[in-house]
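Below, chain A is the first sequence line, B the second, and so on; all start at residue 1.
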Amino acid sequence: MKKLINAVDDVVREQLEGMASAHSDLLKVHFDPNYVYRADAPVAGKVAIISGGGSGHEPMHGGFVGMGMLHAACPGEVFTSPTPDQMYEAAKAVDSGAGVLFIVKNYTGDVLNFETAAELAFADGIRVQNILIDDDVAVKDSLYTAGRRGVGTTVLVEKIVGAAAEAGYSLDACADLCRRVNQYGRSMGMALTSCTVPAAGKPTFELGDAEMEIGIGIHGEPGQKRMPMSTADEIAEMMALEILDDPAYSRTVREWDNDAGSWVDKFLVDEPFQAGDQVIAFVNSMGGTPVSELYAIYRKLAQVCADKGVTIVRNLIGPYITSLEMQGCSITLLKADAEILKLWDAPVNTPGLRWGI
Amino acid sequence: MKKLINAVDDVVREQLEGMASAHSDLLKVHFDPNYVYRADAPVAGKVAIISGGGSGHEPMHGGFVGMGMLHAACPGEVFTSPTPDQMYEAAKAVDSGAGVLFIVKNYTGDVLNFETAAELAFADGIRVQNILIDDDVAVKDSLYTAGRRGVGTTVLVEKIVGAAAEAGYSLDACADLCRRVNQYGRSMGMALTSCTVPAAGKPTFELGDAEMEIGIGIHGEPGQKRMPMSTADEIAEMMALEILDDPAYSRTVREWDNDAGSWVDKFLVDEPFQAGDQVIAFVNSMGGTPVSELYAIYRKLAQVCADKGVTIVRNLIGPYITSLEMQGCSITLLKADAEILKLWDAPVNTPGLRWGI
Amino acid sequence: MSVTRDQIVQWLENLAAVLSENKEYLTQLDSAIGDADHGINMTRGFNKVMEKLPGVADKDIGNILKTTGMTLISSVGGASGPLYGTFFMRSGMAVGAKETLNREDLYELLKAGVDGIVQRGRPVLADKTMYDAWAPALEALRSALDAGMETLPALSQAVAAAETGMKNTIPLQARKGRASYLGERSIGHQDPGATSSYLMLKSLLDTLQPA
Amino acid sequence: MSVTRDQIVQWLENLAAVLSENKEYLTQLDSAIGDADHGINMTRGFNKVMEKLPGVADKDIGNILKTTGMTLISSVGGASGPLYGTFFMRSGMAVGAKETLNREDLYELLKAGVDGIVQRGRPVLADKTMYDAWAPALEALRSALDAGMETLPALSQAVAAAETGMKNTIPLQARKGRASYLGERSIGHQDPGATSSYLMLKSLLDTLQPA
Ligand SMILES: Nc1ncnc2c1ncn2[C@@H]1O[C@H](COP(=O)(O)OP(=O)(O)O)[C@@H](O)[C@H]1O
Ligand SMILES: Nc1ncnc2c1ncn2[C@@H]1O[C@H](COP(=O)(O)OP(=O)(O)O)[C@@H](O)[C@H]1O
Ligand SMILES: [Mg+2]
Ligand SMILES: [Mg+2]
Ligand SMILES: [Mg+2]
Ligand SMILES: [Mg+2]
């Protein structure tokens, strides 16, 4: 294992220290429990958006803390969900009284820890919403699995809902928007190489010199299927079609009811894409793939979308939700209506994403 | 070789096609000869800033084309300097009459091709300036070598001089600024892994599992020395001290004289850093190293700078001048006076760098 | 026989030792169908519990168990953190201020804990989770107590049922947690959480049983 | 003997073939002290020249050489592109509208080309560049012509001198181009540019020499 790290046990803390020292104008880092939060938090009158998850996906989530995006991010150990005390303390630190929205990627660990945190925060008098992101079309059904994983759409959701909070949306409006944006987004990922969790010291899985792994998540877990290595065009087309041809997806999610003070089940159905849709296209590097190669993927993706009558109206290309140094990419398409586009275009100022300011 | 590419011969063209399709609001791509140029070029009354070099360093240079930075970029084949017809045609396309500044990284190939281009453009009645970037402290002397290579400072120069052009600086003022910023900047790079030029199909050099290469340039060439793998702290400190303790550096460069219509030699001396200096600190990924690891480097870099009485007033952290998928990093420190800081902070809107707009 | 506060403390200490001995084993199980951290997670959590325990060892049993739960919740992470954390929180709430437990109290302790797991993780039988060890164990314990058995023999039956439940996870296809993404590839491997749950119950029995 | 336009065309064709045969070899030399592309660069350039050549093969020699130079400049890139491009541009300017060349013309052609290389790249002797092949070759040619030798034997001497010059680059430490960054590590390897320059001169001789 060759990495720019010191002792394995210090990796997350020292990276957070680096972030704190580099971006003191935008954010602060609280240690023990660990969370990254806006330098100007709590922001008066605004709903606080909090996300979090295992480390190793940088810039997500800590790099998205700042004006117009997240108010706080809770980083776990590498590829390990954070613990409820992190989210609970972060919520107390950034809640302005307008409530807190937790954006939670759908992994059992994340879900359970965020749920526990939501209960703790609510018990403390903070109004909470807990919305799951589950956009990975590599997971086909929700009946026999823990449901689709939260992947690329997370980045887009955090930007869009962050802008909504900045614009003064209420907690419930933020939650409704968050749920809707998640339902509009679908993603698919692939890996050319594995990656090495520092604490493990060796690659999570082995991949032959002429193989690739299709349908991976973001935790270095093996994916849906292993295939012989192929061209950028074939890879882009395969992933794009998995997304564009994905049928309706339904599942039951658990959300918090502030009035009842308890969890409620919601049955949700994501409609498939159709000709005429406008989308935000996001081509993401898994960390080790340089942006140049992403352009080859985007090139073909744009052609496939055009063939399907789907219009790309915005795009994001680069390493935004990564799996350490893994080589590979993911594609996310997000159906965008006028409200979503307006929020996408709104100013954002974070270490990882910045425009309009 | 596993990469997201199609046929080896199409790599650069298809990546450019992807860029063109992704960023049509900011830039256009001309093929045969290949150059990327601002969608709104020529910009009336403004000096045009043109850079270029081998491909494989993305987002540099094509990703820096846009408002407040480059007017055009000329990409060669991977790690191969572009040819003069590219710069010549680009110059004709973006010159508004205010003249063209070529920013040239000091590699023999780049230097000679840009010089040829400058002669061609001048012969066509375009006023030109040709300024070299030579900031790599891994190259110790200029007497027995082709001189220091142009590395990380290039990114900072392109931002700063791009802002100057946008602000209406004259061609000569842009050239003077460009030369000065280059003289204020020093860089040092290192690699954890090699990288593979698509046309070559195998890694440029071999590096053992417990080795790292110090003092590499950006072309996958072996560096100054090979060492046993070390910690982030040791690596950051070693590189930071090479930069901060680097003595005065002198060399003769060739610049274009528009009045004489010929090349003139200039003898330049870069002064060493000293306590009290304010700097822009740039921690760069060679492509395959994720941003998380860069924060570990930045953390230590900030400590070393503080120890030396050097104040980091701005920073840039991420993959901006890369060597394909190489793992490793580089550090650039640039002494920044008030003028430079103002230009650094000025709005920029390119695929690779954006703020203030 | 009634269970004392000191025995509960002893149980937690033994459990910490057992989990630490089985760190590699649990992690290895998790590497087959998960992300290779279950042993690491559990050890990290119970090491923290060991730090906290001296501070509450003289409090009532409810307090001790709730502290254990809070500590696990804030130090384990992953799926197992909130699940085991909730287990101890709920079991602590169930026994309350008691300083000794009779056999029904012990059942209530475990039952409340398992109910917590179910509420949090919503496992159903044969999902290939820790619940597949707990459900048969609780059932066996209930039957044994209903049949008038003493604490130790009843608990023995529960441990045996947990072991069978744990082994029965091997042929199952996972439907919850990380392992569910593997689909059929999850078949043929023993669930790490079911294994740590079995160890938990087993070390309770070992603690209460005179050597 | 005088050199005809057709022979010049033939030379360029032969040279293209020779470079293509030596593509791997030149690239391999460049991989030792450079970036492993010299053979690729030269082949790419001369393939383009071959495309352009039919369109100018009936023009004067100056035109043919200048077209070759422009084509190399716009297709080779790297250090060698502008250097060899300038070589042919300048040699073309030197011979101008001629359609045959006597031995002094041939010298002028080569001399002007090498002067172009020097102006562009500023090599001095023993920098370990292509100039280390050209400089002794030109000198040998001049002496041979001064001694009254005919074209072919004189050119033979030049080729021999170029070969020696090329081999003499092996023990040198590079002071120009990419190889200079290797410092002492550049010692012990033959310069790729000197090698392609030798091949250039050698294939001129082979073209003019009846088989
Ligand atoms: N929804 C669930 N309900 C009950 N137990 C679960 C659930 N999901 C996962 N588990 C248990 O958690 C165990 C994995 O724990 P651990 O490896 O520590 O967490 P993670 O999967 O987040 O890495 C599984 O073996 C399984 O027994
Ligand atoms: N300044 C120079 N003057 C003359 N020849 C040079 C100079 N720099 C490099 N060369 C020649 O160029 C050759 C390398 O050419 P090539 O590999 O095609 O270009 P690059 O080094 O840009 O990859 C060297 O072997 C050397 O002979
Ligand atoms: Mg885990
Ligand atoms: Mg080259
Ligand atoms: Mg696990
Ligand atoms: Mg070369």
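Residue M19(A) touches chain B through both its backbone and its side chain, counting heavy-atom pairs closer than 4.5 Å. Both the backbone and the side chain of S292(B) come within contact range of chain A, with heavy atoms under 4.5 Å apart. For a residue to count as touching a neighbouring chain, one of its non-hydrogen atoms must lie under 4.5 Å from one of that chain's; by this rule M190(B) touches chain A with the side chain only. Both the backbone and the side chain of Q15(A) have a heavy atom closer than 4.5 Å to some heavy atom of chain B. The contact between A302(A) and chain B is made entirely by side chain atoms (from C-beta outward), counting heavy-atom distances below 4.5 Å. Heavy atoms of P351(A) lying under 4.5 Å from chain B belong exclusively to its side chain. Looking at I357(B), the atoms closer than 4.5 Å to chain A (heavy atoms on both sides) all sit in the backbone: N, CA, C or O. Heavy atoms of D209(B) lying under 4.5 Å from chain A belong exclusively to its backbone.
A distance-only check finds a donor-acceptor pair linking the side chain of K2(A) to the backbone of G208(B) [under 3.5 Å]. Side-chain atoms of N6(A) never come within 3.5 Å of backbone atoms of T231(B) as a donor-acceptor pair (strictly under, hydrogens ignored).
For chain B, the option among E211(A), M286(A), Q303(A) with the highest count of heavy-atom pairs below 4.5 Å is E211(A). When each of Q327(A), R314(A), E58(A) is checked for heavy-atom pairs under 4.5 Å with chain B, E58(A) comes out on top. Most heavy-atom pairs under 4.5 Å with chain B, from the set E293(A), K3(A), M212(A), H57(A): that is E293(A). Taking A296(A), G18(A), P59(A) one by one and counting their heavy-atom pairs under 4.5 Å with chain B, the maximum is reached by G18(A). Contact count versus chain B (heavy atoms, under 4.5 Å) is highest, among S21(A), S55(A), G352(A), S285(A), for S21(A). Contact count versus chain A (heavy atoms, under 4.5 Å) is highest, among G318(B), P290(B), A20(B), G328(B), for P290(B).
Note that CD of E17(A) and CZ of R299(B) are 4.5 Å apart. Values are rounded to the nearest 0.5 Å. Going from atom CD1 of I5(B) over to atom CG of D233(A) covers 11.0 Å, rounded to the nearest 0.5 Å.
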Open item on the list: side chain to side chain donor-acceptor pair (under 3.5 Å) for H23(A) and Y295(B)? Distances and angles first, verdict last.
Closed with: CA-CA 11 Å; H23(A) 306 297; Y295(B) 282 114; 2.7 Å; yes
Open item on the list: Applying side chain to side chain contact (heavy atoms under 4.5 Å, CB included) to I297(B) and E14(A), what does each step give before you reach the verdict?
Closed with: CA-CA 9 Å; I297(B) 296 293; E14(A) 292 184 347; over 6 Å; no
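At least one side-chain heavy atom of C329(A) sits under 4.5 Å from a side-chain heavy atom of L4(B).
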